[in-house]
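Numbers restart at 1 for each chain; the letters A, B, ... are given by sequence-line order, proteins then strands.
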There are 2 protein chains.
Amino acid sequence: MDVPAPPTRPARARATLLSLAQAAGVSISTVSRALRGDARISPATRRRIDALAAEAGYAPNALARTLLGGRSGLIGLVLGPMQNPFYPALLEELVAQAAERGLRLLLLHAGEGSMDDRTAQALLQYQVDGCLVTSAALPSRIAAICAGNDVPLVMINRVAREHGAAVCCDNAEGGARLADFLLAGGHRRFAVVGGNADTSTSLDRERGFVERLAARGVALACRFDGGATREGGWAAGERIAAMPPGERPDAVFAVGDGLAMGLIDALRAGAVPVGASVEGEGVEAAGAVSVVGFDGVAAALRPPYALTTIVQPLRAVVRRGLDLLLARMEDPAAPDELVTLRGTLHVGRSARLPAGAATGASHGDAGRETG
Amino acid sequence: MDVPAPPTRPARARATLLSLAQAAGVSISTVSRALRGDARISPATRRRIDALAAEAGYAPNALARTLLGGRSGLIGLVLGPMQNPFYPALLEELVAQAAERGLRLLLLHAGEGSMDDRTAQALLQYQVDGCLVTSAALPSRIAAICAGNDVPLVMINRVAREHGAAVCCDNAEGGARLADFLLAGGHRRFAVVGGNADTSTSLDRERGFVERLAARGVALACRFDGGATREGGWAAGERIAAMPPGERPDAVFAVGDGLAMGLIDALRAGAVPVGASVEGEGVEAAGAVSVVGFDGVAAALRPPYALTTIVQPLRAVVRRGLDLLLARMEDPAAPDELVTLRGTLHVGRSARLPAGAATGASHGDAGRETG
DNA sequence: GAATTTTGTTCAAACCTTTGCACAAGGAAA
DNA sequence: TTTCCTTGTGCAAAGGTTTGAACAAAATTC
C-alpha cells in the first residue's frame, strides 16, 4: 500500500546553523556565537565549529538576519543613461566601493525609460536600507516611495530638485575654471555645446562658463545643442568645421567628455586642427580650434584625445555618496545635505596652452569639499 | 525615578500582515489569503483588506517569503568591462527584461578587477536563485560557488569554457558572413583588428572571418591587436592610415563596434576615405577603406558611422539567457546547453557595396536559433 | 429537525538567525 | 561546607510570511 517516496534529488540542503549544530553536537546558539566570534565560546568549541562550517561552505542567511530587524545590507540603485561614458565609470567605482563597505546593490533601473510599479515596490519588498540615484531624471515613484517609507535617498551627479541629499561636482566652478583657462590661452571666439536641457549638471556647467566669460567682458559667439551623446558632439563639430574660418570659434566647451570626443572626431574628419595636438609641443597649426570637456572619463584623457577637461573626483564622489547614505541610515532625520566636490583641471593637448604653461599637469585641489 | 522614555521618532513602522490584521480585526492568515486572491475569502472581507493595504502602502516582505523555502527572486549579476559599448546596452536590456519577469538583479561585480571573497559569498547569503555572467573572464570563485551550491549559472555573450549554460551570438558565422560581403564587394586586401585574446567571442569572430577568406583562396594581408577598446581601434587606424596606399588594406574587420568606431575616427583624421560614405550614394572615393564591425551597437549604426556590422539580436539574446536560467531554476539537473543565435547583417555605408546592393537593408534571419 | 455540505476564518508550524536570560559546572574565597 | 564568581552552553522568543489542517457557522439536503 505505502509506496516509498520517489528518490528526490539528494542535493544535500545548504548548511544552516541547525545542520552545523547537529554535526557538532551543540546547540544552535553556540554555533551562532562561535561563528560571530563571541568571547563566551571556548576556543576548543570554536575551532571545531569553524572547521565544520568551512567544510560545509556555510554562509549565514542574510535574509533571516534582516528579518530580525537589522539592516538588509541592500542598496537600491537607479542608473542613468548608459550612453554617457561617465555612467559606466561611475558604476564600476560604485560597485567596488559598495562591496568594500559590505553593501550589496539591488539594480532597479538603468536607462531612460520609465519604471513599472512592481519594480518600484521592490524597494520595499526587499527591505533596502537606502537608495542611490544617478539618473538625471529621478523617477518620481522612487522618490515617493522613499519619502513615504523612511528610506534614505541620495543622488549622485545631480542636485536635488526639491529635497533629498546629493553629491555632485562643482559644475559651475568647473565651467568657470575652463573659461579662465581658455581666456588665458588668448582665445577670442567661444562656443558651447550644451547637454540635456533638463539636467542641472549640464546647465550649471554652461552657466558657470558663460558667466565667467561675461565677467571678463566676452560674449558667446555661438551655441549648439549636443543632447549628451557622442553623436551630438559630432554634429556640432561638423557645423563648426563647415563655418568659414573667420567666423569659426577658436575655443569650444563641450559640457561632457562624450560630447567633446565626438566633437573632436568631427573636427579632425573635417581637417580642422584641434588644440595643440597637430603640430605637437605647443606649436599649433593655423586656425586650430581648442576643445575642452568635463568629467575626466579615462578614454578622453588618453590619446588620441588627450582632452583638456575638468576631472571629476570620481572616487571621492562615490565615497561621499555612500557616506551620506550611511549617515541617513543611522539617522533618518538627518537634514538634507548637498555636498559639492571641486574637480581638477586636467591640461591635455586639446586646447591651446596659456603662455608658459606645461601640458599634462593637473591644477586644483582634487576633491576639496565645499558643501 | 522613572524617567519617561524619550519620544523616539514616531516613524510608524512599515505595514505588515500583523498590523493589517489588527486594523481589519481578522487573523494574519486571512489577510495573507485575501491579498493573494485566495477564493476562500469572502468578497466583503477582501475588499476591506485590500483598501486597508492600499492605504497603508503595504508591500509583502520578500525576505520573509523567501525564508519559507521559496524563491528569492534575486539573480546575481556579474558584468563585463563597461568600456565596451555593447555591455551598457546589454545591461539596459537585461534590467528591463528581468523586471518584466519579476526578477531582481543583485549586482555583484562590474569591470575587470577581481572579486573579494565577501562579494562571492553574497551569492549564498542572499539566496540568489541563479547567476548571470556577461564578463569575458568568469571569476572562478563565482563558478565554484555556483557549482557547489546548486545555483544555476548562465553566461551571456561568451561560451562556457568547461561547463554551464550559455547563450551567445553565432560569432563564427557572423565573421564568415562579413567576409562574404566584403568579397562580394570586390575587396582584395583584408585586415583584421582583433579583440581580447582570451575571449572566445573575439576569437570566434576572427576565426570565422579568416576561414571563410581562406576557403575563397584569400589570405589576410595584415592583423592588428585592438584589445577591445575604442582606443585600440584608433591605434590600428593610425597605422593603416600611415601605410602607403599600395600596401594598405581595402577592407578591415574590427571584431567589435567600439573598435570599428575608433578605427573609422582614425582613418578620417588621417584623411583616408571610409567605405562609400565620403562621396555618398555608392560612388566611392579613390583609395577608400571599407570597415565592418560586430555587435550592432546603436551608436555605430547611426551617422556619423553608419557601420556595416553584424547586429546581435540583443533582445533575443537576453530573453534566451533568462529562459535558460529559469529552466535551470526549475530543474537544476538540466544538462548544459549552449544557445547560439544568428545575428543580422546590417548594411551601412562604412563598406563598399556589392554591385547592385542597396544601403540600409538588413539581411539574415534575426535571432534564428541554432543550438 | 437532524445530518451534511459549503463557506469563511483561525491555529500553528516552518523557514533561519540573533540575543537576553537562565542554567550548569567548576574554581576560588570565606 | 557554603557562597559567590567565572566560564561555557542551552532555551526560547522574535521577526514576517505561507499553508495544511482544524474549526465554527451558515446553507443545503433528506
Checklist entry - Looking at OG1 of B:T45 and CZ of B:R33, how far apart are the two atoms once the value is rounded to the nearest 0.5 Å? => result 13.0 Å
Next on the checklist: Any side-chain N or O of A:S42 below 4.0 angstrom from OP1/OP2 of D:dT7?
Outcome noted: no
Checklist entry - For C:dT17, does either OP1 or OP2 sit under 4.0 Å from a side-chain N or O belonging to A:Y58? => result yes
[X] [atom1] to [N] [atom2]: how many Å, rounded?
X: B:L124; N: C:dT17; atom1: CG; atom2: P; result: 12 Å
X: B:L20; N: C:dT9; atom1: CG; atom2: P; result: 15 Å
X: B:L18; N: C:dC11; atom1: CG; atom2: P; result: 12 Å
X: B:L35; N: C:dT9; atom1: CG; atom2: P; result: 13 Å
X: A:R36; N: C:dT18; atom1: CZ; atom2: P; result: 5 Å
X: B:R71; N: D:dT18; atom1: CZ; atom2: P; result: 15 Å
X: B:D38; N: C:dT10; atom1: CG; atom2: P; result: 13 Å
X: A:I28; N: C:dT17; atom1: CD1; atom2: P; result: 8 Å

Checklist entry - Across the strands shown, which category fits B:T30 at heavy-atom distances under 4.0 angstrom: base, sugar-phosphate, nothing? => result base
Checklist entry - What is the nucleic acid contact for A:T66, judged by heavy atoms within less than 4.0 Å: base, sugar-phosphate only, or nothing? => result nothing
Can you tell which of [options] lies closest to the side chain of [X]?
X: B:S32; options: D:dT18, D:dG15, C:dG8; answer: D:dT18
X: B:L67; options: C:dC16, C:dT17, C:dT10; answer: C:dC16
X: B:L68; options: C:dT17, D:dT9, C:dA14; answer: C:dA14
X: B:R65; options: D:dG8, D:dG15, D:dT18; answer: D:dT18
X: B:R40; options: D:dA21, D:dG15, D:dT17; answer: D:dA21
X: B:R33; options: D:dG16, D:dA21, D:dT17; answer: D:dA21
X: B:L17; options: C:dC15, D:dT18, C:dG8; answer: D:dT18

Checklist entry - Taking all non-hydrogen atoms of both residues, which atom of B:Q121 and which atom of A:A59 are closest, and how far apart? => result OE1-CB, 3.3 Å
Checklist entry - Considering only heavy atoms from C-beta outward, does the side chain of A:D129 approach that of A:L326 to under 4.5 Å? => result no
Checklist entry - Do the side chains of A:L77 and A:L94 get nearer than 4.5 Å, heavy atoms only? => result yes
Item to check | Cationic N near anionic O, under 4.0 Å, B:D50 to B:R47 | outcome: no
Item to check | Presence of donor-acceptor pair under 3.5 Å, side chain of B:S29 and base of C:dC11 | outcome: yes
